[in-house]
Amino acid sequence: MNDTFVLTATALAALAVAAPFATRRLRLSLAKHPSLTGHARLARRVAAWVPGYAYDEAGFFGSDGAPPDVQSRRRAALQRLQGDFAQRFARSLQATDAARPAISDLQFTGAYRVPFQYSRHLREQLRVPAFVREAAGVTITDLDGNVFYDLTGSYGVNVFGVDFYKACIADGHARVQALGPLLGSYHPCVADNVQRLCRLSGLDEVSFHMSGTEAVMQAVRLARYHSGRKRLVRFSGAYHGWWDDVQPGPGNPLPPRDSYTLREMDPRTLAVLRSRRDIACVLVNPLQALHPNAAAPGDSTLLDGSRHAHFDRDAYTRWLRELRTVCSERGIALVFDEVFVGFRLAAGGAQQYFGVPADLVVYGKTVAGGLPIGVVCGRSRWMKRFRDDRPADICFARGTFNSHPHVMGAMQAFFERFESAPIQALYQGLDETWNARVVSFNQRMRAEGLPLRAANLSSIWTIGYDAPSRYNWMLQFYLRAHGLALSWVGTGRLIFSLNYTQADFDAVLERFVAAARDMQADGWWWHHPQQSNRSIRRGLLREMLARRF
Ligand SMILES: Cc1ncc(COP(=O)(O)O)c(C=O)c1O
């Protein structure tokens, strides 16, 4: 009897201890996005499982079961493109071929421009140049003198046009020339930059770093230091640089142990934030508003037509407000990673654009007038790096090149221009301009019977495809042939600088239409009436299983 009593009491006590833990664990599981972007460990396992294989010549053109005449058209088209590229881009290609063996990044980007199944044959047939010699206005000129409209936006750095940045760098260098690259002391322009950053962000203190990745690291470290908690929350699909803790999925051999990847725009995430005591900060990349919970849309995974993007400003604003409330209630640092969108959406950045204040804001890319930079702005309560009452308990952050005079000079030149009337005027009706351009793009594509549609967050665009085709990624090469320069991720991310005039935009649109017409005529969008995005995905899975086993 006594034994039974003791056992029951022990079981109940164990249950009482375990139940809250189990509830918390369950809540956390529910807040994970069902896709692979929400399950980093599984995503890594899947990535490790995917077998390496490549289509041979026949498979390359006929992987969707296209009839022989369509395959012949595709074959002839690739040959034509090859000849065209070889002739027009001869010097740029020669330089690229010579440099490739010793530039790891070039080998990587070259291999992952298109889905891996197609990559090998494509690289054998169609070489893509990486070298250019000039940029001006909204164009880039390669080594052979070909002029392309720039849709790369220099990874987001180029907000105001490349000439703006050339001027910032030249002006900045002139300002600090007497000091040169002396490090450790500050050039007076540092104090001015700090004042402007505090004013712009509405925050109290600033620290300078050498890249966006590094600045994100510091923001998270500060949040951990001041909260005394170790977990960081990031959202499915969001990019915050390539530091281990913010990159739990494929691409990082060392899985972080202290990061939670949760669903964005979902009440289950709020429930986790409300109930746990171990969360130091929530990292928000507002670019995700264009494709919540999905990874950056690159053409290397564009194997069907299901890529989707849509920006709902009201819904995202509501989400940020909810995050703000719960973070304030729970003492969690709300960190806006504005490295990408910083000065692109509004003069006051995402805080102003969405009307939601953050505790820490990270800027980068554009803010040093075209030179490398990462900046953390924050409330004093989050920024301080030591404690008066415990002098040995510090939050260490250094960096040889922090506050480099030339970077700071270019930043000051950036801010002076940025605050000028002509640049501020660019923000007037900015969204209206770019939304109208997206509408005209989509109307034109529909009128032409072309299966393209664009979605945008202001001047950042994603191209989607109505065709359930395995070959949508081919468009990037047609666009290049028609004088449009894209970054290596292809049509998933077009970045326009704000100096694009309506005439420039119209010219880009005409080239898009011409490129897409060619691609259509060459048979890449042929598809069997029963082919759907789902059937493509099933076919690919079958293919992989067959290769694997
Ligand atoms: C939102 C965001 N955070 C951080 C980074 C990393 O910045 P960097 O490439 O300067 O290290 C990027 C880069 O694209 C970014 O878009």
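Counting starts at 1 for both ligands and their atoms, in listed order.
Ligand 1 has no atom lying under 4.0 Å from any heavy atom of Tyr155.
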Applying salt bridge (Lys or Arg N to Asp or Glu O under 4.0 Å), run through Asp266 and Lys32 and close with a yes or a no. CA-CA 10 Å; Asp266 196 293; Lys32 291 189 174 179; over 6 Å; no
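A cation-pi arrangement is found for Arg313 relative to Tyr353, the charged atom lying closer than 6.0 Å to the ring centre and inside a 45° cone about the ring normal.
With a 4.0 Å cut-off on non-hydrogen atoms, Asn285 touches ligand 1 through its side chain and not its backbone.
Below 30°, between 30° and 60°, or above 60°: for Trp473 and Tyr118 the angle between ring planes is between 30° and 60°, a tilted geometry.
Not a single N or O atom of Val339, backbone or side chain, sits closer than 3.5 Å to an N or O atom of ligand 1. Among the atoms of Thr213, some N or O lies under 3.5 angstrom from an N or O of ligand 1. Close N/O approach between His240 and ligand 1 is not found [any backbone or side-chain N/O within under 3.5 Å].
Atoms of ligand 1 found under 4.0 Å from any heavy atom of Asp337 (numbered from 1 in listed order, with element): 1 (C), 2 (C), 3 (N), 4 (C). Every atom of ligand 1 is numbered from 1 in the order shown, and the set under 4.0 Å from a heavy atom of Lys365 is 13 (C), 14 (O), 16 (O). Proximity to Ser211 (heavy-atom distance under 4.0 Å) selects the following atoms of ligand 1: 10 (O), 11 (O). Which parts of ligand 1 touch Phe340 is read off a 4.0 Å heavy-atom cut-off, strictly below it: atoms 16 (O).
Shortest contact from atom 10 (O) of ligand 1 to any protein heavy atom: Gly212 N, 2.8 Å.
Heavy atoms only, all atoms of each residue included: Ala455 and His310 are closest at CB-N, 4.5 Å.
Residue Asp245 forms a salt bridge (charged side-chain N to carboxylate O under 4.0 Å, His left out) with just one option from Lys230, Arg231, Arg224, and that option is Arg224.
Side-chain atoms of Phe235 and Val282, non-hydrogen and from C-beta on, do get closer than 4.5 Å to each other. The shortest side-chain heavy-atom distance between Gln247 and Tyr239 does not fall under the 4.5 Å cut-off.
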